[in-house]
Amino acid sequence: MEKLNSTDNSYICEYCFIVNNISEAQFFINRFNLKPKKKYNLFPIFSNQKKDIWLAINQDTISPTVIPIYLNNCANANEQTTWIFFSFSFLSNLNSPHFFIIDEIIDSSSKNKLYPSVTCLKKFQKKNALSKEQTSHNQEFITLTNIYEIYKTLEKLVNKALIFVTTLSMPEKYKLLDFDKKIIKSEQKKYITEIMNLSHEMKITIFPISYVLNFYKKIEKEFKFSAYEQNVLKNLLKKFNPNDLKHNLEFIKKLKNGKLVINHLKQKLL
Amino acid sequence: MINTIYVENEIKDYSRTLSILSKFKRSRIIYINKYSEIFNKKNQSFRLQKKDPLLILAKKNNNFVLKAPEGFGLGASKNYYFSHMYNCIYDCKYCFLQGLYSSANYLVFVNYEDFLNQINNLVIRNKGKSITFFSGYDCDSLAMEKVTSFADFFLKNYLENKKITYEFRTKSLQINPFLKNKPSENIIIAYSLLPGDLAQKFDIKAPAINLRIKSLKQLTSLGWKIGLRFDPLIYNNNWKISYKELISTILDEINTNYLHSVSFGSLRFPKQIFNTINNMYPGDELFSHDFKKKDNVYSYKGEIEKEMISYCKNIIHKKVKKDVHIFSCTPY
């Protein structure tokens, strides 16, 4: 498929969200100030101004396998993009909304299973989910619309460790009270932010060299370096543990010039 | 704490599976058809999984015992290895396991009996020939003993035969199965050793050298045969002093009457694994010395290798009895 965004490479897509309807999208639209991208008309597509956060809303009329591919192209996503599928669900044994990471997806018709990665997700509660074409009101299991097809496509397309299948499960009630709505928002904010922060940490581990190069770009923007100094800087940075670099960035930004940056890094390596 | 355990459906009712699961009461258990659904997936992040590894319990169906690579042996006419587990709880930077599998999750094969059956078949097929079987090639043979109880099972069931040697290679302090059983002529517990300062830098999560030496002392005091494996020998400015001190300390501590063998091998990597590890640890001190590529293996320059091995061998020769096997390894 042709890259829909192939002419614009001036941004890096950090996060892609997939949801099934506008009510699931609302939190993300408000929180990240996402605007509709009208030039994409197969699915409703949104992004923020920096274009580092993207969202797509699934459509019943189109095969669910298409949405990950379409969003991947629209957002110009790369192997370092975090993918978060979010959906509401219902569970009978809950008293209040509860956030889960899905670690086992069961296709309701074939009974085939998929196992999203749960590495580094210790602090989240996990559950399995049934994947159906339509939302089910079976309250014994979490049921997510078309997640099997969506995940199966995503798994082949992007970095597995950076796909998060999430749900906010609710006790089924005839009508949600304002109080419930507040809890829902705060739970979404809390857990989605945690996942986004965690995925950032994970990327440092998965792509240490990319992290070092990104770090180089950040320093290069702030200071002037001669061609020779640029080489020295690159070689110095390669000797660092990415986590040490992360902790040094704020200090480095406060230094007066490029020479001091290089001296500081040399000192740190001693 | 292992957060999630994947269990193959076929072995979910095995008593050994249930016994292992009983040690992880708070873990989430997910039943799967084949371990490959989790372990063999492409594009997994080894480094990320190493931070938070999961456990997979599975049944191995074939290749229980494999021929050891050329140069890997203790002088027997035939050398084999077996691995009841893939991957290791330690994170030694130079270890070939860093780049061998795409997954860092622990995969334990619970059908231990099948390993012993194939070992016994090989012994029968090679009647009269000396054979060494190595445990601890794709894992550390004792590090997960508290979970797997593999050594405990092995010591209760292995075939005793004068011509056969079994080596358990380890860095672990989990030597309880040996402390509980009578020493055997056929079994060697071999420790991988580095000078303390290097071990601190490169043997991540592995027990400190002084603790490994303490275990060696405990084993020899009970009459168990031990092996010393200085493999890899790692070069730095102080290597002569460091290795001399290490060897002297060990030989002062242990009962050398039970020293079976000593082996040396300099730091070396197959090409693919060298590239993988180098990308995992950009700029790491381990790679700060010149490596030469020869026959698809990256290693120190020939003269450095030779000097390190002959220097260490000389120290050992002077200090141990003549019947102790001393040899160099070239496993790739």
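Side-chain atoms are counted along with the backbone in the values below, which use heavy atoms only and exclude waters and symmetry mates. All values reported here derive from a predicted model rather than from experimental measurement.
Looking at A:L121, the atoms closer than 4.5 Å to chain B (heavy atoms on both sides) all sit in the backbone: N, CA, C or O. Looking at B:R28, only its side chain comes within 4.5 Å of chain A, counting heavy atoms on both sides. If you measure heavy-atom distances from B:Y6 to chain A, the contacts under 4.5 Å come from the side chain alone. Both the backbone and the side chain of A:N128 come within contact range of chain B, judged by heavy atoms closer than 4.5 Å.
The environment of A:K152 atom NZ is sparse: at most 12 non-hydrogen atoms of other residues, nucleotides or ligands sit within 6.0 angstrom. Crowding of B:Q200 atom CD: a count of heavy atoms from other residues, nucleotides or ligands under 6.0 Å not exceeding 12. At most 12 non-hydrogen atoms from other residues, nucleotides or ligands lie less than 6.0 angstrom from NZ of A:K259. Remark: B:N237 CG is loosely packed, at most 12 non-hydrogen atoms of other residues, nucleotides or ligands lying under 6.0 Å away. Summarising the local packing, NZ of A:K127 is surrounded by 12 or fewer heavy atoms from other residues, nucleotides or ligands at distances under 6.0 Å. A 6.0 Å sphere centred on NZ of B:K301 holds no more than 12 heavy atoms belonging to other residues, nucleotides or ligands. Residue A:E222 places its CD atom among more than 12 non-hydrogen atoms of other residues, nucleotides or ligands, all under 6.0 Å distant. More than 12 heavy atoms of other shown residues, nucleotides or ligands fall within 6.0 angstrom of atom NZ in B:K205.
No side-chain N or O of B:K51 forms a donor-acceptor pair with one of A:T119 less than 3.5 Å apart.
Counting heavy atoms from C-beta on, the side chains of B:D52 and A:K122 come closer than 4.5 Å. A 4.5 Å side-chain heavy-atom check between A:K160 and B:N43 finds at least one atom pair inside the cut-off. Counting only heavy atoms from C-beta outward, the side chains of B:I30 and A:D103 approach each other to under 4.5 Å.
Here the CG atom belonging to B:L54 is positioned 13.5 Å from the OH atom belonging to A:Y115, to the nearest 0.5 angstrom. Atom NZ of A:K113 is separated from atom CD1 of B:I32 by 9.5 Å, given to the nearest 0.5 angstrom. To the nearest 0.5 Å, atoms CG (A:N159) and CD (B:Q44) are separated by 10.0 Å.
A salt bridge links A:E155 with B:K41: at least one charged nitrogen is closer than 4.0 Å to a carboxylate oxygen.
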(request) Quick one: do A:T205 and B:K50 satisfy side-chain contact (heavy atoms from CB on, under 4.5 Å)? Show the steps, please. (result) CA-CA 10 Å; A:T205 307; B:K50 201 72 196 168; over 6 Å; no
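Heavy-atom minimum distance, B:Y31 versus A:E104: O-OE2, 4.0 Å.
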